[in-house]
2 protein chains.
Amino acid sequence: MPRAAAIAARRAAFPVIAHAKAKADGLSRLLLAYTSRSIEAGKTFLHEGESATHFFTVMEGTVKLFKLLCDGRRAVTGFLFPGDIFGIGSEDKYNYSAETVTPVNLRRFPRRQLDRLYFNSPGLESQLLKLVSRELTAAQDQIMLLGRMTAHERAASFLLALACRQSRDGGWIELAMSRTDIADYLGLTTETVSRVLNVLKGSGCIVLAGNKVRIADAGALTQLAEGTGSDDD
Amino acid sequence: MPRAAAIAARRAAFPVIAHAKAKADGLSRLLLAYTSRSIEAGKTFLHEGESATHFFTVMEGTVKLFKLLCDGRRAVTGFLFPGDIFGIGSEDKYNYSAETVTPVNLRRFPRRQLDRLYFNSPGLESQLLKLVSRELTAAQDQIMLLGRMTAHERAASFLLALACRQSRDGGWIELAMSRTDIADYLGLTTETVSRVLNVLKGSGCIVLAGNKVRIADAGALTQLAEGTGSDDD
DNA sequence: CGATCCGTTGACGGTACTCAACTACCGTGG
DNA sequence: CCACGGTAGTTGAGTACCGTCAACGGATCG
């Protein structure tokens, strides 16, 4: 029973709105009417604490959301892929910063106009509620990961979650983000990320080739991700 | 600048809806019309994965929300106090379990009736959106805490966040939850929690007396919580 | 009074961090 | 063309923080 829950958790695991595009059709159509911006890689285009005037959808590329401690320590709270929406949530300030990982194409939507739209399209608000709820679920999964999983388990979970988002290219996953980004996402250091990935590679669970990964033994990886060796529950 | 952000973060730090009662007045009034249940301490009254039929508000007592790994490892995602609302969020299954920490008095509200209510009270849905957003913010703060803070910093943050919720009794904070609960909340072990609290006590930051804590040196505790010793940023 | 649970304290060990060196891969410019 | 510098990733050695295991004290309860 908890096993099923764990699997479901991983499936929804991105702090991000898994397949938001499909689910938020009305919203997406809405966004299409608005300005599209191209941003080069490595630009912080949204700062924690700024007043939240817009929300965004990723058209192309990868974005990361993160928070900083005053001494520079960083936590990446999520990666965003095409179709994901962020900056929703009715706080008046953004509670994370956002930076482009790759060159990115974004559409942004002024929040100020939301109230008007709520009035016109009644389903919209509950769509947003659903999206934020999904983000919340993902964040809580991440809490489980950071609070109670080992480095190996974190890496395995991460790869499986990535695979769920990018199921194309014959199983090859593109690691668009740097090791530092992954480390800050998994609560580890770059060195540990590197080592752990190479252990997974060595054990035959994955194939590592530069920025690409392929999951070779999903079963073994899943077991790792759940911390279950060969024992039954 | 990041310092201000960090402080704001701690202020909102409970994965919980800080002072939801005040903010969600319409909602609270609504809930008052519904059944109230008393539950003894230590009962799991809501299971992760169950279909989410109701949402709840805490009238009295303390509740914890948690998730389990299949091998029994646990992460407490939040503590709930009187006035807090949970089980909102429009997922069809609960994504955490809930257990009473103390004897608790709850009101519960059938979700099925929400749609009808949305129609009648237009502000309601955006109230919910705001509550879920706040939960999300809290969860992301917890991600920062779990991913990038030391045991001492986590404990200090925890105490400060608790103090923000319970500002009564002349500064005495009631630790209704066990060390195990705190450990699962902070991603530590009970032993470490115990040790760290006693270090804080020894350094004069706090006063520990059984289940009660008083913050003696809020400044020092805040510095600890932020990881800033005496260096400027 | 024994049993159990919770919290504390101690000794020890391991996982992951720190520090450091080294490689590979860029793009730039001599 | 290759030297050069900068960045990203890998690898190694040593360390530290925190987890594990174990024992103990105090409270509650039957």
Side-chain angles (χ1 to χ4, degrees), chain A residues 40-42 62 64 69 71-76 99 101-103 145-158 174-202 206-213 224 227 229, chain B residues 40-42 62 64 69 71-76 99 101-103 145-158 174-202 206-213 224 227 229:
Chain A
E40 57 182 315
T62 305
K64 70 186 177 218
L69 245 36
D71 60 1
R73 282 176 287 179
R74 201 179 60 152
V76 169
E99 186 177 321
V101 172
T102 63
L145 183 142
L146 294 170
R148 286 292 175 235
M149 286 182 158
T150 66
H152 293 263
E153 290 164 359
R154 295 182 202 190
S157 291
F158 173 67
E174 168 105 30
L175 294 180
M177 64 294 289
S178 69
R179 294 293 189 269
T180 307
D181 290 338
I182 298 175
D184 286 342
Y185 181 60
L186 299 179
L188 302 169
T189 59
T190 58
E191 293 95 330
T192 302
V193 169
S194 179
R195 276 185 257 265
V196 165
L197 287 181
N198 282 314
V199 168
L200 293 180
K201 178 186 182 182
I206 64 171
V207 183
L208 251 180
N211 268 353
K212 301 222 172 197
V213 193
L224 255 176
Chain B
E40 57 181 317
T62 304
K64 69 185 177 219
L69 245 38
D71 60 2
R73 281 175 288 179
R74 202 178 59 151
V76 169
E99 185 177 322
V101 172
T102 62
L145 182 143
L146 294 170
R148 285 292 175 236
M149 286 183 160
T150 67
H152 292 264
E153 291 164 359
R154 295 182 202 191
S157 291
F158 173 66
E174 168 104 31
L175 294 179
M177 64 294 287
S178 69
R179 294 292 188 271
T180 307
D181 290 338
I182 299 175
D184 286 342
Y185 181 59
L186 299 180
L188 302 169
T189 59
T190 58
E191 294 94 330
T192 301
V193 169
S194 180
R195 275 185 257 266
V196 164
L197 287 182
N198 282 312
V199 168
L200 293 181
K201 178 186 181 181
I206 63 171
V207 183
L208 253 179
N211 267 352
K212 302 223 170 195
V213 194
L224 254 176

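Chain letters run A, B, ... following the sequence lines, proteins first, then strands; residues in each count from 1. These numbers come from a predicted model, not from an experiment. The basis for the numbers below is simple: all heavy atoms, side chains too, and nothing from hydrogens, waters or symmetry mates.
Rounded to a whole Å, the CD atom of A:E191 is 17 Å from the P atom of D:dT7. Residue A:L145 contributes atom CG, which lies 12 Å from atom P of C:dA16 at whole-angstrom precision. When rounded to the nearest whole Å, the span between CE of B:M149 and P of D:dC18 equals 13 Å.
Considering only side-chain N and O atoms, B:T192 lies under 4.0 angstrom from the phosphate OP1 or OP2 of D:dG19. Contact check, B:T189 against D:dC18: no side-chain N or O comes under 4.0 Å of OP1 or OP2.
Considering only side-chain atoms of A:N198, the nucleotide from D:dT11, C:dA16, D:dG9 that sits closest is D:dT11. The side chain of A:H152 sits closest to C:dA16 out of C:dT18, C:dA16, C:dT9.
As judged by a 4.0 angstrom heavy-atom cut-off over every strand, A:G42 is placed among residues making no nucleic acid contact. A:G187 comes within 4.0 angstrom of the backbone, heavy atoms only, and of no base.
Proximity of a side-chain donor or acceptor of A:S194 to a complementary backbone N or O of A:T190 within less than 3.5 Å is not detected. Under the 3.5 Å distance criterion, the side-chain polar atoms of A:T102 are matched with a main-chain donor or acceptor of A:T62.
Residues A:V76 and A:Y185 come closest through the heavy atom pair O-CD1, 3.2 Å. Of all heavy-atom pairs spanning B:G187 and A:R148, the tightest one is C-NH1, 3.5 Å.
Nearer the 5' end of DNA chain C, as judged by each residue's closest nucleotide, is the contact made by B:M177, out of B:R195 and B:M177.
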